[in-house]
Amino acid sequence: MAVQDPEIAEIGLTRDDLLAFYRNMVLSRRLDDEEITLKRKNLIFFQISGAGHEAALTAVGHEMRPSHDWFYPYYRDRALCLALGMTPTEMLMSAVGAVADPNSHARQMPSHWGHKELNIVSQSSPTGTQLLQAVGCAEAGSLYRRIREIPDRTSRFRDDEVVYVSLGDGTSSQGEFWEAVLFHLEDNGYAISVPVEQQTPGGSVSDLLRTFPGLKIVVCDGTDPIDSLQATRQALAHCRTGQGPALLHSRVTRPYSHSLSDDHRTYRTPEELAEEEARDCNKTFPRFLVEQEYATEGELEEIRASVDREVKEASEAAQAAPKPPATQAEAESFVYSTSVDPTGPDFDRPPTEEGDPDSVVGMINTCLREEMAREPRIVVFGEDVADATREDALSEVPGKGGVFKVTHKLQREFGHDRVFNSPLAEANIVGRAIGMATRGLKPVVEVQFFDYIWPAMMQIRNELTMMRWRSRGDFACPFVIRAPIGGYLQGGAVYHSQSGESIFAHCPGIRIVMPSNALDANGLLRTAIRCDDPVLFLEHKHLYRQPYAKGPYPGPDHMIPFGKARLHRRGSDLTIVTYGALVRRSEMAAKQLAEAGVDVEILDLRSVSPWDFEAVAESVKRTNRCLVVHEDHVSFGFGAEVAARVADELFPWLDAPVQRVAGLDTPVAYSPVVENITLPQVADVVAGARKLAAY
């Protein structure tokens, strides 16, 4: 049967294309219905549908290139993933929690899409977090194009690749959307129960964005696959020719509730639901096909019957598919890299100590410079880390290189493509770095002060630390976050003196280190860069330029394994377990205690996660007493974990209860007098050790 509509023939669609569109739309809807049936039978545990979005997503999928382009879909994008090549069986294996599910191997809810072979990057539940990652993914392609020193660069990007990311209208309220590539805004009029007029100023995000420079905006009827196809082509042409990002705003419907945990009849009127049903693409498009004589009703019925058979077979196969083994090993697999062990002997490279002493700042800068020369995949960015954002100013200015000068002169040596400034937005920094690292780059990013890391907490906790585990190793994003931390700087006050390493230590999937001296800073940073896990590298501000923290240049390959404590001082009467700025204060306390006849051993943990329990155990078995000293709040701090494990596993060797000396459960004041009371001082360590020794 010939295509009747000249416009459709003109845009290159055949009758077979139109019928394939319809089949994909029906297949997507039938899979939703099958999951709903399985949920009602208690054979699956969650369901969220893509109903009403099928037309727009089928059109987008028709125009994009799986395994060539990159995809960051959200949970409504079932029809897109089908169009890209994901099978009904794979989708239903996700719903039943089968280990062969390519989306997450039974680790995430269904409709959290991911497929390594198709370049569909593992998606999570928090709305909007994928947007910045997509930006970073697109940046990675651009950097591969420009950084010619990367040996395998040509195999890591395509000249006309496009990164696709989608979101609902509700997600456009997240900060990541405004900071963040083909954006596909699938606007079904609701953010769960909140209607668009309450959600978005003026009721249209695309109208708000029309003044954004370089952003191509195309609005379409997302219930019409033909209109959606033409709009998609406009947006993609803009992106593939390197003109910048585009926003495709599809106005779709949501005929089903937000999820099976929601009932939209409780907040939507019968009249509204009836109007929504009349616009349903799975009703309007088949009517169009019949009216325009592209297909008969009988042919469409055969398509529906074929889809029903396929879904039934897929459901049976998925239900019969093996589930993950019920073992602790399975639960713990892929929290960290399975191929590179930063706690092992490969990362034990002693220093050569061949150069003049340098400060913590100098040693970190040296390590960054040497590692960037060794590995062209390393990019450094953050707030103010470049010498000058405007490169043409470099010949006239000394250069900034960070507020503490840690990255000074790196931009001059390695160029703007590898050292550059970010917006004043911590989620932006971390989210983009996740996207870059997923593509194989090695970002080393700086959060200017630890106190301001919290806007990035969603990206760190739910994305960075989860990526490898939630995809069971299909995707990973190893990179380094550097953050100056801590107090003991007069006038630092509430928002420049915070600690909080224990909060991140509670996030499986990230390594956390805090060196106490320049030599360790150099070796631990090199390990952080060369390992295959995300690392939070905490640099105590008070130690940056302290003469006592200096160390000799250790050579270009010095590394320290994570989880290996350093014996700072040998003693016999009690063990102090500490790290960061408290190593020095513990040392000063030990000198005073020695005069009173108390011989103190000091262990510098260096790594908070993992931490060296074996070294602690060895020391405590000799001294029979343990004092944990750290800067963070005493309640719920990292010292509580050390104390609990020592008490639990070393009780037979203890001659006294485990004690802690730590900061008060209060913020740090601007007044130095109050700061000194808040943070543990030498006298506090002395008092704690005396009490413990006298028990």
Side-chain angles (χ1 to χ4, degrees), residues 343 348 350-351 501 513-521 523-524 540 543 546 548-549 551 560-632 634 637-663 679-695:
T343 71
D348 194 354
E501 62 276 5
V513 295
M514 191 189 296
S516 66
N517 60 80
L519 197 62
D520 284 356
L524 289 167
H540 204 289
L543 301 176
Q546 293 289 352
Y548 62 76
I560 299 169
F562 293 160
K564 184 176 181 180
R566 179 178 63 87
L567 181 60
H568 182 75
R569 185 183 192 275
R570 184 170 289 280
S572 58
D573 293 334
L574 64 90
T575 299
I576 290 180
V577 179
T578 187
Y579 54 92
L582 269 299
V583 173
R584 172 66 172 177
R585 279 161 175 73
S586 296
E587 178 186 9
M588 295 169 69
K591 291 178 180 178
Q592 294 185 27
L593 290 162
E595 295 174 359
V598 179
D599 190 15
V600 173
E601 181 152 302
I602 301 174
L603 276 180
D604 177 3
L605 287 180
R606 304 195 286 198
S607 298
V608 172
S609 181
W611 64 282
D612 193 349
F613 175 74
E614 288 71 23
V616 173
E618 180 184 344
S619 177
V620 170
K621 286 177 182 179
R622 285 189 288 101
T623 66
N624 309 117
R625 287 174 170 80
C626 182
L627 179 67
V628 188
V629 179
H630 63 79
E631 181 177 344
D632 199 7
V634 65
F638 185 71
E641 168 63 22
V642 177
R645 191 167 176 193
V646 169
D648 183 39
E649 300 188 35
L650 302 177
F651 183 77
W653 289 274
L654 291 174
D655 290 341
V658 183
Q659 299 288 311
R660 288 175 291 163
V661 171
L679 299 180
Q681 306 298 328
V682 173
D684 299 314
V685 180
V686 170
R690 285 182 181 275
K691 177 182 176 182
L692 186 63
Y695 184 86

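It should be emphasised that the depicted structure is a prediction, and the values quoted were computed from it without experimental measurement.
- A side chain to side chain contact (heavy atoms under 4.5 Å, CB included) with C626 is found for one member of V646, L650, L574 and no other, namely V646.
- For the pair A565 and A615, the tightest heavy-atom approach, listed with the atom from each and the gap, is CB-CB, 4.0 Å.
- Taking the side chain to side chain contact (heavy atoms under 4.5 Å, CB included) definition, one finds that R566 meets it with S516, N517, D520, H568, V583, D604, R606, sequence neighbours left out.
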Please report, to 0.1 Å, the donor-acceptor pairs under 3.5 Å made by any side chain of residues 684-695, with sequence neighbours excluded.
residue : atom : partner : partner atom : Å
D684    : OD2  : Q681    : N            : 2.8

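- Looking only at side-chain heavy atoms (C-beta outward), D348 and K564 come within less than 4.5 Å of each other.
- In this structure, CZ on R584 lies 13.5 Å from OG1 on T578, to the nearest 0.5 angstrom.
- One finds the NE2 atom of H540 at 10.0 Å from the CD atom of Q546 (value rounded to the nearest 0.5 Å).
- Across all their heavy atoms, A647 and L654 have their closest contact at CA-CD1, 4.1 Å.
- Using a 4.5 Å heavy-atom cutoff, the side chains of F638 and D632 are not in contact.
- Taking the side chain as every heavy atom from C-beta outward, L543 and Y548 approach each other to under 4.5 Å.
- Ring planes of Y579 and H630: parallel class, angle under 30° (limits at 30 and 60°).
- With rounding to the nearest 0.5 Å, the separation of CZ in F613 from CG in L605 is 12.0 Å.
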Using atom types as modelled, flag every donor-acceptor pair under 3.5 Å from a side chain in residues 589-603 to any protein atom, sequence neighbours excluded.
residue : atom : partner : partner atom : Å
D599    : OD1  : R569    : NH1          : 3.4
D599    : OD2  : S572    : N            : 3.3
D599    : OD2  : S572    : OG           : 3.2
E601    : OE1  : G571    : N            : 3.0
E601    : OE1  : R622    : NH1          : 3.3
E601    : OE1  : R622    : NH2          : 3.4
E601    : OE2  : S619    : OG           : 2.7
E601    : OE2  : R622    : NH2          : 2.6

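- Nearest heavy-atom pair across S586 and V629 is OG-CG1, 4.0 Å.
- Between the CZ atom in R585 and the CD1 atom in I576 there is a gap of 13.5 Å [rounded to 0.5 Å].
- In this structure, the side chains of T575 and V616 stay at 4.5 Å or more apart for every pair of heavy atoms.
- Note that the CG atom of L519 and the CD1 atom of I560 stand 6.0 Å from one another [nearest 0.5 Å].
- For the pair R645/W611, a side-chain contact is recorded, criterion being any heavy-atom separation below 4.5 Å from C-beta on.
- What you find for S607 and L524 is that their closest heavy atoms are OG-CD2, 4.5 Å.
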